[in-house]
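Below: one structure, written as structure tokens.
Position 1 is the first residue of the sequence; numbering continues from there. Atoms within a ligand are numbered from 1 in the order they appear, just like the ligands themselves.
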Amino acid sequence: MMAEKISFVSKNHVGWGAIQHLNEEAAALGAKKILVVTDPFLVDLGMVDKILNKLDSKFEINLYTKVSPEPSLEMGEELVAYTRENKSELVIGIGGGSALDLAKIAAVLATHDGKVKDYLNISGTRQLENKGLPKILIPTTSGTGSEITNISVLALESTKDVVTHDFLLADVAIVDPELTLSLPPKITASTGIDALTHAIEAYVSINASPTTDALAIKAIQLIGKSIRKAVKEGNDVQARTDLSYGSYLAGLAFYNAGVAGVHALAYPLGGKFHIAHGESNAVLLPYVMEYIRSSCKKRMTDIYGALGYNPLQLSEEEASIKCVEQLRNLVKDVGIPLTLKEFNIEETDLQDLTKDAINQKRLLGRSPMPLLAEDIYSIYKAAYDGTAAQ
Ligand code: NAD
């Protein structure tokens, strides 16, 4: 096994009340003029005001709220142009992955030439050269882990692509579960399964290491025990705290070990059909894990245990099959459809989806089982029919 390189966001405030540290962190970064990137719904909810009220009046704040879920490349281009003109010195992102991903791109590209498009992973031609403006990221969903990853995801016409570099890492991440209390059940469910997918894919990734294993297993334990409760009883402080820590740890795990097949197949669902990122991962999770099960039975036995079930009397074959069953039950219990049909995808779309997914080489390269076009089609077909992949 090769030595691993592990990187983390250098300063993290995590846990109930963590948001109290915002002012001291903004002051420590020495900036006066702050660009806040957030989504309009959180402004209407009063959450953005509540958070910004923690900042001293000496800061000059510019609020940018043109963020929609699953942000497009065009949205990124518009924000970057605005940030360059606006001459901010610090960027604060408040929201789910959509707002945080845009905040990261704005901060870094503020000090670069060219378009966001030039820096995309699959089709871009330019490399980032510097870290850009400092950034503080404050998640309000327990899902993407964007506050501690080095990726920003953008929706293109028929799929998604990313800008990825360690320059995108936040200077400070503030993860306060209290900010997630207002999440409705549907978004709690989809973002929570997104976080679970991060932890599971990191655990079975070919780049997994003892460090990322520890993070991923703890994340699976925390999410497994809290997600149903957080969906049903959104005000439950313990469930929200566990889910928030779970999402944070899953983010640390996947940022270092990577995610793989579920994400590669989910990106075209987001890009082409605008299905929320968490839901597109959720609908595919049981089918991808079922398909690759034979390549990672031992690890799936561990996941089954971390989800709170007892694998001791079972063979790895049995436990890994039961693991897939429990993942399917979990997705169903939190109210997410279990077939692509239910998302209005037609069988005739599956070939195009396969063509797009196969381009996600960065992701597919980490799968414990190589996934070729025919494998990907079989998984989509199984997810379309709601049956086991052949
Ligand atoms: P989101 O940011 O799109 O938000 C979903 C909805 O939830 C929005 O309508 C938002 O207004 C609402 N919302 C957010 N916080 C709320 C709160 N506390 N109370 C009530 N409503 C709230 O959803 P997301 O799943 O967090 O982010 C998805 C995006 O993140 C996608 O574009 C996806 O590709 C990307 N992503 C990024 C990474 C990464 O590492 N950078 C990882 C996974 C996904």
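The closest side-chain heavy-atom distance from Leu156 to Tyr267 is not below 4.5 Å.
Put simply, the side chain of Ser205 gets close to the backbone of Ala257: a donor and an acceptor are under 3.5 Å apart. Tyr245 places no side-chain N or O within 3.5 Å of a backbone atom of Lys218 that could act as its donor or acceptor partner.
What sits closest to atom 9 (O) of ligand 1 on the protein, heavy atoms only, is Pro69 CG, 3.9 Å. In terms of protein heavy atoms, atom 1 (P) of ligand 1 is closest to Ser98 OG, 3.4 Å.
For Thr140, a nitrogen or oxygen atom sits less than 3.5 Å from a nitrogen or oxygen atom of ligand 1, counting backbone and side chain alike. Considering backbone and side-chain atoms alike, Thr191 places every N or O at 3.5 Å or more from each N or O of ligand 1. Every N/O-N/O distance between His263 and ligand 1 stays at or above 3.5 Å. Considering backbone and side-chain atoms alike, Asp39 places an N or O below 3.5 Å from some N or O of ligand 1. Considering backbone and side-chain N/O of Lys160, one or more are found under 3.5 Å from N/O of ligand 1. Below 3.5 Å of separation, one finds no N or O of His198 facing any N or O of ligand 1.
Counting heavy atoms closer than 4.0 Å to ligand 1, residue Phe254 contributes side-chain atoms (C-beta onward) but none from N, CA, C or O. Contacts between Thr144 and ligand 1 below 4.0 angstrom, taking non-hydrogen atoms only, involve backbone and side chain alike. The part of His277 lying near ligand 1 is the side chain, judged by heavy-atom distances below 4.0 Å. At a 4.0 Å heavy-atom cut-off, ligand 1 touches Leu179 through the backbone alone.
Annotation for ligand 1: atoms under 4.0 Å from non-hydrogen atoms of Thr149 are 39 (C), 40 (O), 41 (N). Set against the non-hydrogen atoms of Pro71, the atoms of ligand 1 under 4.0 Å away are 32 (O). Atoms of ligand 1 found under 4.0 Å from any heavy atom of Ser182, numbered from 1 in the order shown, are 17 (C), 18 (N), 19 (N), 20 (C). Heavy-atom proximity to Ser146, at under 4.0 Å, picks out these atoms of ligand 1: 39 (C), 40 (O), 41 (N). Those atoms of ligand 1 with a heavy atom of Phe41 less than 4.0 angstrom away are 11 (O), 20 (C), 21 (N). The contact set between ligand 1 and Gly96, taken as ligand atoms under 4.0 Å from a residue heavy atom, comprises 2 (O), 26 (O). Each of the following atoms of ligand 1 lies closer than 4.0 Å to a heavy atom of Lys104: 41 (N). Of all atoms in ligand 1, listed by their number and element, those nearer than 4.0 Å to a heavy atom of Thr141 are 14 (C), 15 (N), 26 (O).
Under the 30°/60° scheme for interplanar angles, the aromatic rings of Tyr82 and Tyr64 are found to be tilted.
Residues meeting the ring pair (Phe, Tyr, Trp, His ring centres under 6.0 Å) test with His277, sequence neighbours left out: His263.
Nearest to atom 30 (O) of ligand 1 by heavy atom, out of Gly97, Gly270, Gly145, Ala99, is Gly97. The residue among Val67, Ile148, Leu183 with a heavy atom at the shortest distance from atom 22 (C) of ligand 1 is Leu183. Between the choices Ile94, Ile187, Asp101, the shortest heavy-atom distance to atom 12 (C) of ligand 1 belongs to Ile187.
Side-chain contact of Gln20 with His13: a donor-acceptor pair under 3.5 Å is absent, judged by distance alone. In this model, a donor atom of one side chain and an acceptor atom of the other lie less than 3.5 Å apart for Thr111 and Asn130. If you check the side chains of Glu4 and Thr211, you find a donor sitting under 3.5 Å from an acceptor.
Note on ligand 1: Tyr255 sits outside its first shell, no heavy atom being nearer than 4.0 Å.
Between Glu347 and Lys381 there is a salt bridge, since a side-chain N of the basic residue sits under 4.0 Å from a carboxylate O of the acidic one. Looking at Arg299 and Asp213, a side-chain N of the basic residue comes within less than 4.0 Å of a carboxylate O on the acidic one, giving a salt bridge. Looking at Lys186 and Glu279, a side-chain N of the basic residue comes within less than 4.0 Å of a carboxylate O on the acidic one, giving a salt bridge. Of the charged side-chain nitrogens involved, none lies within less than 4.0 Å of a carboxylate oxygen, so that Lys272 and Asp349 do not count as a salt-bridged pair.
Within a 4.0 Å radius of atom 4 (O) of ligand 1, the protein contributes no heavy atom.
For the pair Lys341 and Tyr384, the cation-pi criterion (under 6.0 Å, within 45° of the ring axis) is fulfilled.
Aromatic ring centres of His198 and Tyr255 lie farther apart than the 6.0 Å criterion allows.
A side chain to side chain contact (heavy atoms under 4.5 Å, CB included) with Ile92 is found for one member of Leu137, Ile136, Val172, Ile51 and no other, namely Ile136.
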